[in-house]
Protein chains: 4
Amino acid sequence: MGRKNKNMAFNQEKKKDQIIFAAMILFAKKGFAKTSMADIAKEAGIGKGTTYEYFKGKDQLFFATFQWFVDHCEKAATLSFTELAPKSGAEKIRVFSQSILNSLKGSEEFYPLVLEFWAATASSRYRDKMKKAFKDLYKRIGDVFVAIINEGIENNEFDPEIDIDSVVPAIVGVWDTIGLQAWFHDGSNDEFNMEKTMLSFTDLIIRGLLKKQ
Amino acid sequence: MGRKNKNMAFNQEKKKDQIIFAAMILFAKKGFAKTSMADIAKEAGIGKGTTYEYFKGKDQLFFATFQWFVDHCEKAATLSFTELAPKSGAEKIRVFSQSILNSLKGSEEFYPLVLEFWAATASSRYRDKMKKAFKDLYKRIGDVFVAIINEGIENNEFDPEIDIDSVVPAIVGVWDTIGLQAWFHDGSNDEFNMEKTMLSFTDLIIRGLLKKQ
Amino acid sequence: MGRKNKNMAFNQEKKKDQIIFAAMILFAKKGFAKTSMADIAKEAGIGKGTTYEYFKGKDQLFFATFQWFVDHCEKAATLSFTELAPKSGAEKIRVFSQSILNSLKGSEEFYPLVLEFWAATASSRYRDKMKKAFKDLYKRIGDVFVAIINEGIENNEFDPEIDIDSVVPAIVGVWDTIGLQAWFHDGSNDEFNMEKTMLSFTDLIIRGLLKKQ
Amino acid sequence: MGRKNKNMAFNQEKKKDQIIFAAMILFAKKGFAKTSMADIAKEAGIGKGTTYEYFKGKDQLFFATFQWFVDHCEKAATLSFTELAPKSGAEKIRVFSQSILNSLKGSEEFYPLVLEFWAATASSRYRDKMKKAFKDLYKRIGDVFVAIINEGIENNEFDPEIDIDSVVPAIVGVWDTIGLQAWFHDGSNDEFNMEKTMLSFTDLIIRGLLKKQ
DNA sequence: AATGAATGAGGGTTCATTCAT
DNA sequence: AATGAATGAACCCTCATTCAT
């Protein structure tokens, strides 16, 4: 019985995820407004009414999708953090930077979803929760950066004059903008080299952080 | 008669703008999807049907607001450019940066509109036009920056090793990102100091660009 | 212009009534729950969406139907009252009674609607308003009766021992009950003679009211 | 084995009643339309699907509650009848009257259910069965009254001129109307005194029935 | 040119019912 | 016998759009 219940719970969780993934695919492809609950059910391979067994409504499903995304990002950020070997501050920044780049590169098709999320922070009923979640996410990733830079300052590698707290949000946000611009260039001829931009920017930042001789 | 026609044309332009402004206000406040054509007409102080005399439909009106926004941005960018006095490259960057900051600070309430534009870029029927417009806008602003930096390199102020073309999109995008994060913090207690972040970031960039002794 | 506006108002009022009548017919025939807004629009000969130009929703339309009914009843009661000639109390009661009977007889097909109203009084969101309206309606009709009886007592025709205020609600209610039972018998073989029942009952009441010699 | 079967039958009967009671409570509280099968199952403390082991569907369950109600009423009426001592006709009417009043007073919360039943006689698929059941119920109760009055006429207590068959339905119906009006007044300040109205009306009727000296 | 009454396609949601377990 | 996950028909309502005035 215990097993059975566990399986049921597992299956329920599985179906919930099924729906979330179907929603993510369609929200990314057509946008939230133009995706109907019927579309999502079809994509998930279930009946129209079934969706409502797992989510109260379209808004809540959207929010669940958002939460899935935030969790995913936090996991990605945490993972990268633990991978940081005891190298120089510059190296750490490069590794971290690269790891973010990797996770960006794997999910191009979901990028429009992030735009939907941003837009929703303005108009959704979950607006406050979403704002907070985004803020927290940025803070969490930013804190990693702050730690790296502080360490670098202590080690006499980075310049103590830098106003870390102010500058970090800008650095963290670069990833967003790179994804955004990659998206704007997607499908056009004049390609945007995400990787090159990322690396050059990282170099520039490091040059700016380093203590002047 | 000539005058009359001219007046009519003028009035039409005026009414068109009236509608665009009304749309912008509401799109920013409630989002595109949740704003009805009736709402817009009401806000513009005209009849529901009149909107269709000036715009083919909601999508086109949305696109018109987008175009208005892009034009506005381009004008702002151009304006700043002409204001650049013959100072050092670092000074120019600071002036340019400040001018962007000023235009950001003046239009907080319209910031969600940009989010709508970004989101629409993914799902709108005008998706390709919008992508292109955004790309062009970034390019145009970027070009100003590229020019400044190139000039700085020629003047032996900035380091020629910098891969300018790759790094500029990231720098330009950061301004968006700062606006975005300011928006996420809006309404919460832990305020985000847009100005400080912007200035610190500009400093960092300049430090990175400067030729090492 | 005044005329035009007036006409428009008139037409709107007319369309509102059109919808109310269509709703009444269908609510009476199929009940509130089984009548769809589409049914009503069709019956009224208008588009589905048009209904919502005149009524906020199905519930409000139902309530409007109820209000129409209450107004109609009050008018009927008032009318009868003014028709009462300066006859004996017994005669007045007979006239009043007959007038109620007449209005009952003319609207058999709408009788189920009253049942819907009663039922809705329990479960509708307008429950309190409906309760009050019914109470007021009964009171208003009852008051006519109270006046007649009081006059009869003053004229030494009716027995002063009668507890008028207590008994009148019962008498007034009997008319409902007669309609109800007529409805139960409708369509069956063993006909229910509403008229005879009404008259016999009226006689009985009068016998009870009259002063004993 | 026989016992076991009997127990199962007994349990089935018990569960059937459980469901019926649950349905009655909810139909009375929220109305038929607003009560879901899931609500009923929950209230009955059983699974959603189980209801369908005992009743074919929502309509049939509703009809079962109706039948339960009718049986209950008939039992109540029969009971009162046997309690009638060999008193005067007037006394019998008073006793009967009081006994109905008692059963009314004990079941205020279920009164809306009767309204649902009435409404359903118009729109339910069981409409004809329900009409007949109501007719029979009224007839059965009426017959008791007819018997009492006939006896009274034979005993020279009541006036032979009374058209008994016509007048009895009106008298019987009074109980409905008293319940109805009590329901309309429920929750308001200007209380309706059910008992007083009932007694005064009974008095009036008896005065009307009594032979004039 | 300006209007707003009328429209109906479209979509979110509910819920009675089924059926595999 | 008991269950509750799954289903899709049905329905309320919104709103972009049209068109007669």
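All chains are named by letter (A, B, ...) in the order of the sequence lines, taking the proteins before the strands, and each is independently numbered beginning at 1.
Nucleic acid contact class of A:Lys48 (heavy atoms, under 4.0 Å, all strands): base. Nucleic acid contact class of D:Gly57 (heavy atoms, under 4.0 Å, all strands): sugar-phosphate only.
Ranked by how close their nearest DNA chain F nucleotide is to the 5' end, C:Ala38 and A:Gly45 are led by A:Gly45. Between A:Gly49 and B:Lys58, the residue whose closest nucleotide on DNA chain F is further toward the 5' end is A:Gly49. Between B:Ile46 and C:Thr51, the one whose closest nucleotide on DNA chain E sits nearer the 5' end is B:Ile46.
Residue A:Lys15 places at least one side-chain N or O under 4.0 Å from the OP1 or OP2 atom of F:dA6.
In this structure, the ring of D:Tyr126 has its center no less than 6.0 angstrom from the ring center of D:Phe62. The distance between the ring centers of D:Phe134 and D:Phe66 falls below 6.0 angstrom.
When the side chain to side chain contact (heavy atoms under 4.5 Å, CB included) test is applied to C:Arg127, the partners found at least two apart in sequence or on another chain are C:Lys131, D:Trp183. Here B:Lys56 pairs with nothing under the side-chain hydrogen bond (donor to acceptor under 3.5 Å, both in side chains) rule; sequence neighbours left out.
Protein atom OH of B:Tyr52 is 17 Å distant from nucleotide atom C1' of F:dA20, rounded to whole Å. In this structure, A:Lys42 places its NZ atom 16 Å from C1' of F:dT7, rounding to the nearest Å. Distance, A:Phe62 CZ to E:dT13 C1': 19 Å, rounded to whole Å. In this structure, CD of D:Glu53 is placed 13 Å from P of F:dG4, rounded to the nearest angstrom. Between the P atom of E:dG12 and the CD atom of A:Gln60 lies a distance of 15 Å, rounded to the nearest Å. Atom NZ of D:Lys16 and atom P of F:dA2 are 13 Å apart (whole Å). Atom pair B:Tyr54:OH and E:dA1:C1' shows a separation of 7 Å (rounding to whole Å applied). When rounded to the nearest whole Å, the span between CD1 of C:Ile40 and P of F:dC13 equals 10 Å.
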### Message
For DNA chain F, please output the secondary structure as dot-bracket, reading 5' to 3'. Pairs are Watson-Crick or G-U wobble, both atom distances under 3.5 Å; mark crossing pairs with [ ], other-strand partners with |, unpaired with a dot.
### Response
.||||||||||||||||||||

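The aromatic rings of C:Phe21 and C:Trp68 stand perpendicular to each other, their planes meeting at an angle above 60°, with 30° marking the opposite boundary. Taking the six-membered ring where the residue is Trp, B:Phe69 and B:Phe117 present tilted rings, their angle falling between 30° and 60°.
The stretch residues 24-37 of chain D comes close to DNA chain E through D:Thr35, D:Ser36, D:Met37, each having a heavy atom under 4.0 Å from the strand. Taken residue by residue, residues 122-130 of chain B places no heavy atom nearer than 4.0 Å to DNA chain F.
Remark: C:Lys15 fails to qualify as a cation-pi partner of C:Tyr54 under the 6.0 Å distance and 45° angle criteria applied to the six-membered ring.
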Side chains of residues 27-34 of chain C: which donor-acceptor partners sit under 3.5 Å, not counting sequence neighbours?
| residue | atom | partner | partner atom | Å |
| --- | --- | --- | --- | --- |
| C:Lys30 | NZ | C:Asp39 | OD2 | 2.9 |
| C:Lys34 | NZ | D:Ser123 | O | 3.2 |

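Between B:Ala22 and B:Ile40, the shortest heavy-atom contact is CB-O, 3.7 Å. Closest approach of B:Ile19 and B:Ala44 over heavy atoms only: CA-CB, 4.2 Å.
A donor-acceptor pair is defined here as one N or O able to donate and one able to accept, closer than 3.5 Å; no such pair exists between the side chain of D:Ser124 and the backbone of D:Thr121.
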### Message
One pair to check against side chain to side chain contact (heavy atoms under 4.5 Å, CB included): A:Lys16 and A:Phe55. What are the steps and the verdict?
### Response
CA-CA 8 Å; A:Lys16 230 176 163 173; A:Phe55 301 95; 3.6 Å; yes

